[in-house]
2 protein chains.
Amino acid sequence: MGDGDRVSQTERATRAVRALILSGEFPAGARLTEVSLSARLDLSRTPLRQAMERLISEGLLSRIPSGGCQVASFDLDDVNDAIELRGVLEGTVARLAAERGADPALMAEANGVLDAIDAAFSDDGKVDFDAYVPLNAAFHELVARMAGSALIEREVSRISQLPFASPSAFLRGQELVPGFLASLVCAQAQHRAILEAIAAREGARAEALAREHARLARKNFAFLQKAGPHLTTRIPGLSLVKSI
Amino acid sequence: MGDGDRVSQTERATRAVRALILSGEFPAGARLTEVSLSARLDLSRTPLRQAMERLISEGLLSRIPSGGCQVASFDLDDVNDAIELRGVLEGTVARLAAERGADPALMAEANGVLDAIDAAFSDDGKVDFDAYVPLNAAFHELVARMAGSALIEREVSRISQLPFASPSAFLRGQELVPGFLASLVCAQAQHRAILEAIAAREGARAEALAREHARLARKNFAFLQKAGPHLTTRIPGLSLVKSI
DNA sequence: TGACGCACGATTGTATACACTGTAGCCAAA
DNA sequence: TTTGGCTACAGTGTATACAATCGTGCGTCA
């Protein structure tokens with residue numbers, strides 16, 4: 001059927017185009033046509049077409065009435081809205097997990113991830129960034145499953161697909177921020193508090209905490225704005241955000 | 001380019017398959033293959049394939065590892081989760097509208113819709129149901145736009161696409177429910193209160209109201225459960241819900 | 001000089017042929 | 001009787017050819 005460990009052409013096309021968009025090679029508003037892309041990626045139009053369809057539903061592309069697609073363009077409000085929405089969804093998951101009771105195995109796993117994050121902080125005031133980022137992502141994915149609802153989990157991961165709404169969105173690039181270590185310490189404290197609230201069946205607290213936690217991304221984003229436009233090419237997906 | 005007022009084959013295929021699923025002709029879990037469907041609908045596989053892709057992203061279909069798709073199957077928890085999620089999203093829109101200030105033109109239009117709903121209630125204790133349902137849908141769509149965020153509006157309409165999560169989901173079929181008129185009166189009171197809270201910039205109240213308002217759908221759904229399985233074929237999409 | 005119409009090019013929509021893969025069923029051998 | 005392998009079939013993945021349509025530019029006529 002064509003999907004052992006060999007990826008399908010459709011999958012290849014999706015990844016390739018997504019990478020080209022996120023890297024900034026296709027800037028916001030750029031027009032993409034099937035034929036030119038199929039020539040560039042050395043694929044036929046059929047899998048490419050499916051790939052574009054997927055990217056449209058991911059929100060990275062949008063249809064042009066006159067035919068073709070263009071790379072999506074977001075403004076500052078869009079970024080903030082996306083982050084807000086992720087906060088709301090993660091907050092809902094946390095609340096439902098608290099109200100319904102979360103799977104103990106998931107809770108244990110999540111606590112284990114937080115222990116690992118703690119271990120990434122060393123005593124000399126440094127942090128192992130390359131360890132932190134995937135652990136942070138793993139924690140958020142675990143939380144997303146705690147409501148026990150595949151439907152809600154899907155929507156959380158959906159919104160997190162947006163390059164600037166993901167929990168890991170603006171972590172890369174924060175290395176140089178003054179006080180970023182303190183920010184990470186606060187984030188980790190919030191992680192702990194969220195699990196604590198879920199365990200204690202404190203739904204309202206869990207929801208509020210998760211929402212506030214997402215707000216950190218806004219802070220990080222605001223910093224990147226001030227830091228200047230030279231970061232546009234370094235942070236994947238930032239090229240899609242206009243007027244930075 | 002293929003879309004004047006004549007719909008494309010892809011669009012035709014999408015509607016046809018969606019209708020077949022919602023009508024219950026394809027029951028939950030039924031396996032659908034491209035070839036058999038293309039033969040049945042007298043289309044080639046290409047547009048059909050795209051249609052199935054869309055329905056997958058809508059959540060009505062899901063891929064089978066061994067190839068092909070099957071009609072999605074939902075249980076009671078899924079229905080409640082979807083309704084909960086819509087409540088959360090509409091609540092977020094209402095809160096943001098209150099916090100940011102809603103477009104006066106939208107507010108006026110929404111108030112107009114509510115006046116029209118009032119008019120659908122006649123003095124003799126009856127209600128014009130055929131008028132109520134589309135007006136109710138229109139109100140919810142207007143509210144979804146009030147946060148001024150295309151991104152959030154899209155997610156609201158996305159979740160509302162699920163046949164049992166839409167604001168109009170279980171209205172049809174309620175005609176026979178004892179006390180359904182009272183329920184509609186309460187719903188309308190909530191509509192008014194939501195707009196009032198938005199206008200007064202009472203974000204928390206607007207959010208709580210919108211969430212609670214969505215809960216009415218749960219109540220309606222619970223009634224349909226008790227009413228028995230003979231409604232499965234009458235309410236579109238109810239055939240997807242298992243163990244009813 | 002302006003406006004209208006025609007034609008061509010660009011681009012997507014659709015159909016179909018072919019290839020590849022996974023699976024089920026059957027037959028033979030131990 | 002059971003197990004191994006082989007074969008046939010079902011089904012999707014992909015490529016490509018052809019059709020339909022829209023925009024654009026140029027030419028001509030008033």
Side-chain angles (χ1 to χ4, degrees), chain A residues 1-21 25-73, chain B residues 1-21 25-73:
Chain A
M1 225 75 52
D3 62 334
D5 50 315
R6 246 180 66 184
V7 293
S8 67
Q9 298 293 79
T10 303
E11 187 64 25
R12 258 193 356 115
T14 309
R15 292 183 195 172
V17 177
R18 191 192 287 123
L20 284 169
I21 293 173
E25 185 140 351
F26 293 154
R31 178 147 181 251
L32 304 183
T33 64
E34 294 179 7
V35 275
S36 63
L37 266 184
S38 68
R40 170 161 187 167
L41 300 178
D42 197 35
L43 297 166
S44 81
R45 279 177 51 212
T46 310
L48 196 86
R49 190 188 188 75
Q50 293 177 248
M52 292 172 82
E53 204 85 34
R54 279 195 211 177
L55 294 173
I56 287 173
S57 89
E58 280 184 22
L60 289 182
L61 291 179
S62 61
R63 286 226 170 283
I64 293 179
S66 65
C69 294
Q70 66 180 10
V71 178
S73 166
Chain B
M1 229 73 54
D3 61 335
D5 51 311
R6 245 182 67 186
V7 294
S8 68
Q9 298 294 80
T10 303
E11 186 64 26
R12 262 196 350 119
T14 308
R15 291 183 196 172
V17 177
R18 192 193 286 124
L20 284 168
I21 292 173
E25 185 140 353
F26 293 152
R31 178 147 183 251
L32 304 183
T33 64
E34 294 180 8
V35 275
S36 62
L37 266 184
S38 68
R40 170 160 186 169
L41 300 179
D42 198 34
L43 296 166
S44 82
R45 279 177 52 214
T46 309
L48 196 86
R49 190 187 188 75
Q50 293 177 249
M52 292 173 81
E53 204 85 31
R54 279 194 213 177
L55 294 172
I56 287 173
S57 89
E58 279 183 24
L60 289 181
L61 290 179
S62 62
R63 287 226 170 283
I64 293 180
S66 65
C69 294
Q70 65 180 10
V71 177
S73 166

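Lettering of chains follows the sequences in order, A, B, ..., and the numbering in each one begins at 1. The basis for the numbers below is simple: all heavy atoms, side chains too, and nothing from hydrogens, waters or symmetry mates.
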Output side-chain donor-acceptor pairs under 3.5 Å for residues 56-63 of chain A, partner residues at least two apart or in another chain, one line each.
{"from": "A:S57", "atom 1": "OG", "to": "A:R54", "atom 2": "O", "distance (Å)": "3.0"}
{"from": "A:E58", "atom 1": "OE1", "to": "A:R18", "atom 2": "NE", "distance (Å)": "3.3"}
{"from": "A:E58", "atom 1": "OE2", "to": "A:R18", "atom 2": "NH2", "distance (Å)": "2.7"}

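Separating the CD atom of B:Q9 from the C1' atom of C:dA15 is a distance of 10 Å, rounded to the nearest angstrom. Per the geometry, CZ belonging to B:R63 stands 15 Å off P belonging to D:dG11, to the nearest Å. The distance between atom CD of A:E34 and atom C1' of C:dT11, rounded to the nearest whole Å, is 8 Å. When the P atom of D:dA10 is taken as reference, atom CG of B:L37 falls 17 Å away, rounded to whole Å. Summarising the geometry, the separation between CZ on A:R45 and P on C:dA10 is reported as 14 Å, rounded to the nearest angstrom. Counting to the nearest Å, the P atom of D:dA20 and the CD atom of B:E11 are 20 Å from each other. If you take CG of A:L48 and C1' of D:dT14, they are 12 Å apart, rounded to a whole angstrom. Look at CD on A:Q50: it is 16 Å from P on C:dT12, rounded to the nearest Å.
Of the candidate nucleotides D:dG11, D:dA15, C:dA15, D:dG11 has the atom lying nearest to any side-chain atom of B:V35.
Between the side chain of B:T33 and the base of D:dT12 there is no donor-acceptor pair of N/O atoms closer than 3.5 Å. If you check distances only, the side chain of B:T10 never reaches the base of C:dT14 with a donor-acceptor pair under 3.5 Å.
Backbone-only engagement by B:R31 is indicated by non-hydrogen atom pairs under 4.0 Å involving sugar-phosphate atoms exclusively.
Across A:R12 and A:D42, no two heavy atoms sit closer than the pair NH2-O, 4.4 Å.
Every residue two or more places apart in sequence or in another chain was checked for a side chain to side chain donor-acceptor pair (under 3.5 Å) with A:S44, and none qualifies.
Applying the 4.0 Å criterion to OP1 and OP2 of C:dT14, one finds that B:T46 has every side-chain N and O outside that range.
The shortest side-chain heavy-atom distance between A:L41 and A:V17 falls under the 4.5 Å cut-off.
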